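What follows is a set of notes on a single structure, which appears directly below.
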Amino acid sequence: MINVIGLGYIGLPTALMLAAHGEKVVGTDCKKAVVDTLTEGKTTFKEKGLDELFGDAKKHGIVFSTEYQVADIYIISVPTPYEKESRKVDPGFVVSAARSVMAVAPAGATVIVESTVSPGTMDEYVRPLLKEIKRTDIHLAHAPERIIPGNMLFELLHNNRTIGADDEETGERVKAIYATFCQGEIVVTDIKTAEMTKVVENTFRAVNIAFANELARICRQDHLDVYEIIRICNMHPRVNILQPGPGVGGHCIPVDPWFLVGAYPGWTGLIEEALTINDSQPGYILKRIHEIMDEKGFYDTSRVGIYGLTYKENVDDLRESPSLHLLKEQPDPVNGFKVYDPYILKDVADNQFHNLDEFLDAVDMVVIMVKHNEIKENADKLSGKIVLDCQNAVALPEAYHI
Ligand SMILES: NC(=O)c1ccc[n+]([C@@H]2O[C@H](COP(=O)([O-])OP(=O)(O)OC[C@H]3O[C@@H](n4cnc5c(N)ncnc54)[C@H](O)[C@@H]3O)[C@@H](O)[C@H]2O)c1
């Protein structure tokens, strides 16, 4: 039996996928509300195909509980924020979940940590727990997750995976579990290498996004079209520049690279600089808004509309959202920007609308922060507005860009 611990964006789809592929699964979350909602037959967030997968998993007998189970395999997928001061990973959730499962784990059980951690975390924080309770009959593994919100279920099935384990036998046992659904290649390595690969992957993305953001700022100095420049450069056989944007959000790219900075002080100058550029991007967009307003002789900030609050398109995830950072930085919150996002049904900001047409009626300038399909499909409704398209989402010749 598999007990998946933490039923959020990663744990829930993983638990459902395993159950739908015939494994006996119990999903455990410490939040009773999460367990109650799932037990009532409702999913806790929106994701393409999740409801169908949920139905499948239910048919195969998945159950949800706040209790840690007696199981052969534990998959821990709890949050791993970073400590703002030290910039090191905060292993508190992982440690607490691991301690809870180790207290009930039978001899021979395997505890797999899926949460993203910095290199050395398993050795420094998880392995000592076994010593604490004097157990040598529990195996440890690290199987970092790479899936992206918006395409999670496809990626769960098709992405390659990395398994870190202490010995080949444990590695192969863990590999066999993921191979029940994963059609990608599954590489088995040691735990610290697996920890490092996941953080390095997200750091690669963060640094390359920062490069694209810096290019956008350079091109702006000479009114050059950064998108056209990137398009042409990418025709070079060995160049592949990412796209600039209003900043990076989510639970991975703005967070995980700091784990390296925290873990290897003095060795991460390039990475730190890149993270600083990405973090300052919402502030840069704010300057751009005011630059365009000045150019247009238009000064009423309450007639400026921020389109998109989530950190990426077509999902309802607000974590580390560049739009929320931008709203916090606006200089005149009394005459604050209007905001709207089709995926955010609750009020999370002042002056928030819940209908595209009403939002557009209330503003003269639209800042596209997120390229939801909705705005691409309704680009004609932007006619007559001043548009700052921070995502190159709509093909409007008169739109401003970052
Ligand atoms: N969200 C992503 O896109 C993504 C992608 C790849 C990797 N990751 C990594 O996966 C991990 C999980 O992220 P997430 O986005 O699923 O987080 P999340 O916040 O969506 O979900 C975590 C869940 O764990 C539960 N939880 C916390 N402590 C617990 C405990 N001791 N026992 C039982 N339940 C507990 C919480 O109640 C919550 O429901 C993180 O390390 C993250 O970095 C996330």
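Remember, it's 1-based here, ligands and their atoms both numbered in the order they're listed. Just so we're clear, the structure is a prediction, and the values are computed from it rather than from any experiment. All heavy atoms count here, side chains included; hydrogens, waters and symmetry mates do not.
For the pair Tyr9 and ligand 1, the shortest N or O to N or O distance falls below 3.5 Å. The shortest N/O to N/O separation between Tyr68 and ligand 1 falls below 3.5 Å. At least one N or O atom of Arg319 sits closer than 3.5 Å to an N or O atom of ligand 1.
With a 4.0 Å heavy-atom cut-off, ligand 1 is reached by no atom of Val255.
Salt bridge Arg217/Glu214: absent, no basic N to carboxylate O contact under 4.0 Å. For Glu358 and Lys338, the salt-bridge test fails: no basic side-chain N is under 4.0 Å from an acidic carboxylate O. A salt bridge links Arg127 with Asp166; the closest basic N to acidic carboxylate O contact falls under 4.0 Å. The pair Asp357-Lys381 meets the salt-bridge criterion, since a charged nitrogen lies less than 4.0 angstrom from a carboxylate oxygen. The pair Glu195-Lys192 fails the salt-bridge criterion, with no side-chain N (NZ, NE, NH1 or NH2) lying under 4.0 Å from an Asp/Glu carboxylate O. Salt bridge annotation for Arg161-Glu145: present, with a cationic side-chain nitrogen under 4.0 angstrom from a carboxylate oxygen. Salt bridge Glu313/Lys376: absent, no basic N to carboxylate O contact under 4.0 Å.
Here the side chain of Gln352 pairs no donor or acceptor atom with the backbone of Tyr340 at under 3.5 angstrom. Remark: the backbone N or O of Gly245 is paired with a side-chain donor or acceptor of Gln281 at under 3.5 angstrom.
The aromatic ring centroids of Tyr227 and His401 lie less than 6.0 Å from each other.
Among Ile10, Val199, Val78, Val4, the residue whose heavy atom lies nearest to atom 8 (N) of ligand 1 is Ile10.
At the shortest separation from atom 41 (O) of ligand 1 among protein heavy atoms lies Thr80 OG1, 2.6 Å. If you check which protein heavy atom lies closest to atom 33 (C) of ligand 1, you get Cys30 N, 3.3 Å. If you check which protein heavy atom lies closest to atom 25 (C) of ligand 1, you get Asp29 OD2, 3.2 Å. For atom 21 (O) of ligand 1, the nearest non-hydrogen atom of the protein is Gly8 CA, 3.2 Å. Closest to atom 6 (C) of ligand 1 among all protein heavy atoms lies Glu145 O, 3.3 Å.
Proximity to Ser115 (heavy-atom distance under 4.0 Å) selects the following atoms of ligand 1: 11 (C), 41 (O). Atoms of ligand 1 found under 4.0 Å from any heavy atom of Ile5 (numbered from 1 in listed order, with element): 32 (N), 33 (C). Set against the non-hydrogen atoms of Phe93, the atoms of ligand 1 under 4.0 Å away are 27 (C), 28 (N). Interface atoms of ligand 1 facing Lys31, defined by a heavy-atom separation under 4.0 Å, are 37 (O). Within ligand 1, the atoms closer than 4.0 Å to a non-hydrogen atom of Pro79 are 19 (O), 22 (C), 24 (O), 27 (C), numbered from 1 in the order shown. With ligand atoms numbered from 1 in the order given, ligand 1 contributes 31 (N) to contacts under 4.0 Å with heavy atoms of Ala97.
Ligand 1 has no atom lying under 4.0 Å from any heavy atom of Gly250. Contact annotation: Ser100 has no heavy atom less than 4.0 Å from any atom of ligand 1.
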